[in-house]
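Report on the following structure.
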Amino acid sequence: MAIGRPVWTGHIRLSLVSMPVKLYSAVESGSKLSFRQIHEPSGKPIRYEKVVPGIGPVDAGEIVKGYEIRKGEYVLLKPEEIDEIRLESKKTMDLVQFVDVCEIDPIYFDRPYFVAPDGDLAEDAFRVVRDALRKSKKVGLGQFTMRGREYVGALKPCDRGMVLETLRFEEDLRAADAYFSEIGTDKAEPELLSLAEELIERKSKPFDAAAFKDSYAEALEELVRNKARGKVAVTSVGKDEAKPKGEVVDLMAALKQSLGENKKKRSTSSGGTRKKKVA
């Protein structure tokens, strides 16, 4: 299986132990259906050109990066000027802290990357760090620079290799208070809470990512296939229709009914009603 080119090569360092590694994206970005904008009368795709007002289209070689300091005024930066910024994290990620994985709020996790040793000589150090993280049940934190941006990375074992998940900086996240301030401080009623806990317990089982499918993407692909064959396609996503907004729901009855349906499903899956033997 072809694994493609690494998105980053460098070193991960634990004190005096340094190991050369390669990072590969763990996410398949090309697996989803994507659309192009089409000019309907001609059927041709829309193209975009980089233009300057009053001048027209420009060559890529004439474009530099600029930061707006005041309305209409920019500080211009050339690529070589940006490259001159010396950061230790450009080619080395120092593991400066170790935490339990449950200590990191999931909202901070951004994107996962597979980490593999870069060459046979790197495997010994790679195994030591991987197995130490696995035994201690910790993740290692450090910073590295990739594609012109610095990231915080969380390193943890994964099968025979490791995974590095980039983390969002605190300033990248919006404060939750503004969104939750109108929610009351009353606690849930004990009886309702007990029913909800029982429903959660009955539906609890080990996580299996394969159990979840992108039904919307599948319906879109079916629509495209049918349209390509000249068929009139009618597709729907999901079996249950959404309840109209504003409908009053008896929460107690709904929870009890949910528990009853869940119990019925478990009974059916374990063999259902057995027939009596005739003597």
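Heads up: numbering here begins at 1 and tracks the sequence. These numbers come from the heavy atoms of this one structure, side chains and all, not from hydrogens, waters or symmetry mates.
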Legend entry - Main-chain N/O of Gly72 paired to Glu68 side chain as donor or acceptor, under 3.5 Å: yes

Legend entry - Donor-acceptor contact present, side-chain Trp8 to main-chain Thr145, <3.5 Å: yes

Legend entry - Polar side-chain atom of Arg36 near backbone of Lys44 as donor-acceptor pair, under 3.5 Å: no

Inset, instruction - With rounding to the nearest 0.5 Å, note down the distance linking CG in Leu193 to CD in Glu198. - result: 12.0 Å

Legend entry - Ile107 atom CD1: more than 12 heavy-atom contacts under 6.0 Å: no

Legend entry - side chain to side chain donor-acceptor pair (under 3.5 Å) against Arg127, all qualifying residues, sequence neighbours excluded: Glu123, Asp124

Legend entry - Tyr48 and Gln37: side chain donor to acceptor below 3.5 Å: yes

Inset, instruction - Please answer whether the main-chain N or O of Met162 pairs with a side-chain N or O of Arg130 as donor and acceptor at a distance below 3.5 Å. - result: no

Legend entry - Test item: Thr166 side-chain N/O and Arg111 main-chain N/O as donor-acceptor pair under 3.5 Å: yes

Inset, instruction - Could you tell me whether Asp172 and Arg149 have a side-chain N and a carboxylate O separated by less than 4.0 Å? - result: yes

Legend entry - Nearest-0.5 Å distance that lies between atom CD in Glu189 and atom CG in Leu195: 10.5 Å

Legend entry - Validation row, ring centre Phe114 to ring centre Tyr24 under 6.0 Å: no

Inset, instruction - Evaluate the side-chain proximity of Tyr151 to Tyr113: yes if any heavy-atom separation is below 4.5 Å, no if none is. - result: no

Legend entry - Flag if over 12 foreign heavy atoms under 6.0 Å of CG, Leu173: yes

Inset, instruction - Measure the CG-OG1 distance between Leu23 and Thr9 for me, rounded to the nearest 0.5 Å. - result: 9.0 Å

Inset, instruction - Count the heavy atoms of every other residue, nucleotide or ligand shown that sit under 6.0 Å from CD of Glu73, and state whether that count exceeds 12. - result: yes

Inset, instruction - Could you tell me whether the side chain of Asp59 and the main chain of Gly61 form a donor-acceptor pair under 3.5 Å? - result: no

Legend entry - Side-chain touch Ile63/Val58, heavy atoms, less than 4.5 angstrom: yes

Inset, instruction - Return yes if some donor-acceptor pair links the side-chain N/O of Ser194 with the main-chain N/O of Pro190 below 3.5 Å, else return no. - result: no

Legend entry - Test item: Arg13 side-chain N/O and Met19 main-chain N/O as donor-acceptor pair under 3.5 Å: no

Legend entry - Qualifying residue, where the test is side chain to side chain contact (heavy atoms under 4.5 Å, CB included) with Leu155 and the options are Val21, Leu141, Val115, Leu14: Val115

Inset, instruction - Mind listing the closest non-hydrogen atom pair of Gly153 and Met93 along with its distance? - result: O-CE, 3.4 Å

Legend entry - Expected output: side-chain Glu221 to main-chain Glu218 donor-acceptor under 3.5 Å: no

Inset, instruction - Take atom CD of Glu81 as the centre, draw a 6.0 Å sphere, and report whether it contains more than 12 heavy atoms from other residues, nucleotides or ligands. - result: yes

Inset, instruction - Kindly say whether Val27 contributes a backbone atom to a donor-acceptor pair with the side chain of Ser25 at under 3.5 angstrom? - result: yes

Inset, instruction - Determine, for Asp100 against Lys137, whether the closest basic-nitrogen to carboxylate-oxygen distance falls under 4.0 angstrom. - result: no

Inset, instruction - Answer yes or no: are there more than 12 heavy-atom neighbours, outside Phe35 itself, under 6.0 Å from its atom CZ? - result: yes

